[in-house]
Protein chains: 2
Amino acid sequence: MKQKVTLKQIAKELDVSISTVSKALKDSVEISLDTRQKVKAFAKLYNYKPNNIALSLKNRKTKTIGIIIPEIVHHFFTTVIGGVEKVANEKGYNVIICSSNNSFDKEVINLEMLASGSADGFILSVAKETQQKKDYHHIEETMSQGMPVVLFDRIIDELVCDKVIIDDGKGAQTATNHLLSLGCKKIAILTTVDYISVGKLRTNGYLRALRAYDITAREDYILKIEDIDNCESEISDFLENKDVDAIFAVNELFAVTAAKILDEQGKKIPDDVSIVGFTDGILSKHFIPSLTTISQHGEEMGIRAAKLLIDKLEGEEDVPEEYKTVIIDTSLIQRQSTKK
Amino acid sequence: MKQKVTLKQIAKELDVSISTVSKALKDSVEISLDTRQKVKAFAKLYNYKPNNIALSLKNRKTKTIGIIIPEIVHHFFTTVIGGVEKVANEKGYNVIICSSNNSFDKEVINLEMLASGSADGFILSVAKETQQKKDYHHIEETMSQGMPVVLFDRIIDELVCDKVIIDDGKGAQTATNHLLSLGCKKIAILTTVDYISVGKLRTNGYLRALRAYDITAREDYILKIEDIDNCESEISDFLENKDVDAIFAVNELFAVTAAKILDEQGKKIPDDVSIVGFTDGILSKHFIPSLTTISQHGEEMGIRAAKLLIDKLEGEEDVPEEYKTVIIDTSLIQRQSTKK
DNA sequence: TATCCACACGCAAACGTTTTCGTAAGGTTA
DNA sequence: TAACCTTACGAAAACGTTTGCGTGTGGATA
C-alpha cells in the first residue's frame with residue numbers, strides 16, 4: 001500500500017529541495033530544464049497529486065460550494081443540485097451537499113461545520129423548522145464572517161443576501177387562471193400551513209386569481225395540510241361530499257393523492273374534476289392521467305444560484321455590497337389532467 | 001465584516017501564546033483555572049471555531065465520507081445517501097456527494113479530486129460508462145493509497161473491497177415467481193442491456209424462475225432497452241400485438257411506461273396483464289394502479305455501506321485486510337398491479 | 001541557604017503547500 | 001582583476017492547529 005506521495009518525498013528522493021520540486025512542477029523558469037524534466041517524470045511515475053487540504057489552508061479558500069437543503073430524497077431539490085453541479089464543475093468548484101432533514105438544529109450544525117473551513121460559500125434552502133422559529137442567527141453569522149450565501153426557493157425575506165426564487169404567487173395565479181379559463185368555477189386548493197413561505201405565497205396567488213375573476217374564495221375550498229405524511233386522510237376527509245370541479249395542489253404529492261381519491265370516488269379526471277399541480281416531477285409526468293403542472297425549472301434555479309455565488313466568491317473584495325434576487329419564470333405544462 | 005477568529009488572534013489579544021489558548025480551550029490542567037476561564041470567555045465572545053482544514057491537515061484525516069453516484073436526480077440513490085448520512089452524522093462524519101452523471105471521465109475526476117485530501121474514504125456506485133469500459137484504475141489507485149472504498153448496487157466483481165448489494169437475481173426470481181404463482185404463463189421482461197450489471201443479474205433471475213417452472217423462455221418476450229430516455233417507443237413497439245399476461249420490469253420507469261401503453265391499448269391491469277416492478281420509489285407507490293414491486297431497501301444499503309466504511313476507517317491500521325460483501329434482502333411489496 | 005518540585009506557560013515541530021527572497025557558482029564586461 | 005550579472009537553486013515564512021518538552025518562578029523542604 002503505497003501512501004500518497006508528497007513534495008517532500010520527491011525532494012528527498014531526487015536530492016533537491018521542496019521548493020525546487022514545487023517550482024519544477026509548475027514549470028518555473030527558475031529551474032533548469034533538466035531538473036524540471038526529472039522532477040516531472042518522477043512525479044508522474046509516483047502519481048503525485050497536490051494535497052487539496054494543504055492548498056486550502058494556504059490559499060484560505062477551498063474551491064468548494066456547500067449546499068444545504070431540507071430533504072435529499074426530493075426530486076425538485078435534486079434537480080437544483082444538478083444545476084449547481086453543472087456550473088460548479090465548469091468553474092472548478094467542488095460541491096458538498098448536506099441535508100438538514102427539515103430540522104433547525106441539523107441545519108445549524110451542518111452550516112457551522114461547513115463554514116469552519118470546508119466551503120467558501122453556501123447555497124441553501126432553509127428547513128421548515130427554521131422558517132417556523134424565525135431564528136436565522138446561524139446564517140447571519142456565516143455571512144458576517146465573509147462567506148456569501150445564496151438562498152433559493154424557501155428563502156427568508158428578512159435576510160439581506162442573494163436569492164433565487166420563482167414567483168410562487170404568479171405561478172399559482174397562472175395555474176388558477178388556467179382552471180378558470182377552462183370554465184371551472186368551484187376550484188379547491190390543497191396547500192400547506194402558512195409558515196411554509198412558498199405554500200403561503202401560492203395560496204395568495206390562488207386567491208388573487210379568483211378575485212380577478214370576481215369569484216369569492218370559500219374557506220371550505222381551502223385545505224391547509226399539516227402533516228404531509230398523512231395527507232391522504234386529510235385530503236380524503238376534505239374531498240368527501242365536496243362538489244368541486246377543479247383542484248389546484250401546491251405540490252405533486254397532493255395532486256396525485258387527490259387524483260387517487262377522486263378516482264376512488266368514481267370521478268373522472270379531467271371530465272369531472274380538473275387538476276393542476278406544482279413542480280414538474282416524475283410523478284406528474286408519468287401519472288395517468290399525466291398532470292398539468294407549474295414547472296419550477298429547478299435546474300435553472302441551481303444554475304443561477306451557483307452563478308450568483310461564484311460571482312460573489314470571485315468578485316473584488318471591497319466592491320460595494322450588492323445583492324440580487326433572481327426570479328425564475330415558471331411555466332404551465334399542459335397535460336391530461338385538465339381538459340382542453 | 002468580522003473575519004473568522006483564530007487561535008493566533010485570541011493569543012495576541014490576551015497576550016498569551018497560541019499553545020496556551022489551545023490548551024485552555026481543551027481544559028488542559030497545564031493551564032491555570034484563571035487563564036482558562038479568560039480564554040474561554042473570549043473565545044465564546046468571538047465565536048471561535050477551530051478551522052477544519054487546519055485540523056484535517058494536522059490529523060491527516062478529514063472526517064469526511066465521499067459518495068459518488070451515477071445520478072443525483074434518482075430516487076433510489078438519494079435514499080441510499082439518506083442512509084449514509086444517518087450513520088455518518090451519528091459518528092461525526094461529514095458527507096460529500098458527487099455525481100458522475102454516468103460518465104467515466106467525471107467519475108475519475110471526482111474521485112481524484114476527493115481522494116486528494118477531501119475525503120477519508122468512499123462509498124460509490126459506478127457509472128454506466130465505467131461498467132462498459134471495464135476500466136477501474138482510478139478505484140484501484142484510490143484503494144492502493146490506503147483509502148477504503150465501499151461499492152454498492154452497481155458493483156465490480158473484479159475489485160477486491162467491501163460491497164453492499166442486493167441479490168438482484170433472487171429479487172427478480174421472487175418477482176417472477178410471484179407472477180407465476182398467480183397463474184401467469186406468458187411473462188415478458190423489460191430489462192436493460194447486458195453491460196449494466198444489475199440488469200443482467202435481474203434478467204438471469206427471471207430466466208431461472210421460468211426454468212424452475214418448466215417454462216421455456218422466449219426471446220420475443222425479452223426486451224433489452226438501449227436508450228432509457230426513449231424507452232416509451234421501444235416498449236410500445238415491443239408490446240404491439242404481443243399476447244402477454246404479465247410483465248416484469250427491472251425498474252420503475254419501465255414498469256409505469258408499460259402500464260401506460262397497456263392502458264392505451266385498452267388492457268386492464270391487473271385483470272388482463274399483471275405488472276411487477278423493481279425499486280420501491282414514488283412512482284410505484286402513487287401510480288394508479290399502485291405497482292407491486294421489489295423493494296431494494298436503499299436506506300438500509302446506505303446504512304450498511306457507511307458502517308462498513310467507518311469500521312475500516314476507524315479500525316486498526318495493520319489488521320489483516322478482510323473484505324465483506326453484505327447482501328441486503330429484497331422484499332416483494334404487493335400492491336394493485338398484480339391480482340390477488 | 002541550597003535543593004527540589006509544582007505550577008503555568010511558551011517554544012517549536014509537524015501536517016503539505018506556495019512564494020518571496022537570498023545566495024553560491026560561474027561567466028561576462030570594463 | 002575587480003565589479004557585475006545570470007543561472008539555478010535553497011531557506012524560510014505562512015496558512016491554523018495540536019502537543020511534547022523545555023523553562024522560569026515561587027514556595028516548600030532539608
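Remember, it's a predicted structure, so these values are computed and weren't measured experimentally. So you know, we letter chains A, B, ... as the sequences are listed, proteins then strands, and number each from 1.
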Where the side chain of [X] is defined as all heavy atoms beyond and including C-beta, which of [options] is the nearest nucleotide?
X: B:L55; options: D:dT17, D:dC21, C:dT18; result: D:dT17
X: B:S19; options: C:dT17, C:dA12, C:dG16; result: C:dA12
X: A:K26; options: C:dA14, C:dT19, C:dC9; result: C:dT19
X: A:T35; options: D:dC9, C:dG10, C:dA8; result: D:dC9
X: A:I18; options: D:dC9, C:dT18, D:dT17; result: C:dT18
X: A:E30; options: D:dC9, C:dG16, D:dT19; result: D:dC9
X: B:S22; options: C:dG10, C:dC15, D:dT19; result: D:dT19

[X] vs [N]: side-chain N/O to OP1/OP2 distance below 4.0 Å:
X: A:K8; N: C:dC15; answer: yes
X: B:R60; N: C:dA14; answer: no
X: A:T20; N: D:dA8; answer: no
X: B:S32; N: C:dA8; answer: no

Ionic contact status for A:E90 with B:K106, cut-off 4.0 Å: no
Stepwise side chain to side chain contact (heavy atoms under 4.5 Å, CB included) check, B:I65 with B:L309: CA-CA 8 Å; B:I65 293 175; B:L309 185 64; 3.5 Å; yes
Take atom [atom1] of [X] and atom [atom2] of [N], then tell me their distance rounded to the nearest Å.
X: B:Y48; N: D:dT18; atom1: OH; atom2: P; answer: 5 Å
X: A:I10; N: C:dG16; atom1: CD1; atom2: P; answer: 12 Å
X: A:I31; N: C:dT20; atom1: CD1; atom2: P; answer: 14 Å
X: B:K58; N: D:dC15; atom1: NZ; atom2: C1'; answer: 14 Å

Donor/acceptor link under 3.5 angstrom from B:K23 side chain onto base of D:dG20: yes
With sugar-phosphate meaning primed atoms plus P, OP1 and OP2, does [X] contact a base, only sugar-phosphate, or nothing at under 4.0 Å between heavy atoms?
X: A:T6; result: sugar-phosphate
X: B:S56; result: nothing
X: A:K61; result: nothing

Salt bridge (charged side-chain N to carboxylate O under 4.0 Å, His left out) evaluation trace for A:K86 with A:E299: CA-CA 9 Å; A:K86 222 175 210 175; A:E299 187 175 13; 2.7 Å; yes
Salt bridge (charged side-chain N to carboxylate O under 4.0 Å, His left out) between A:K63 and A:E314, worked out: CA-CA 10 Å; A:K63 277 276 187 178; A:E314 308 200 329; 3.7 Å; yes
Earlier contact from the 5' end, DNA chain C, for B:V16 and B:N59: B:V16
Parallel, tilted or perpendicular: ring planes of A:F42 versus A:Y46, cut at 30 and 60 degrees: parallel
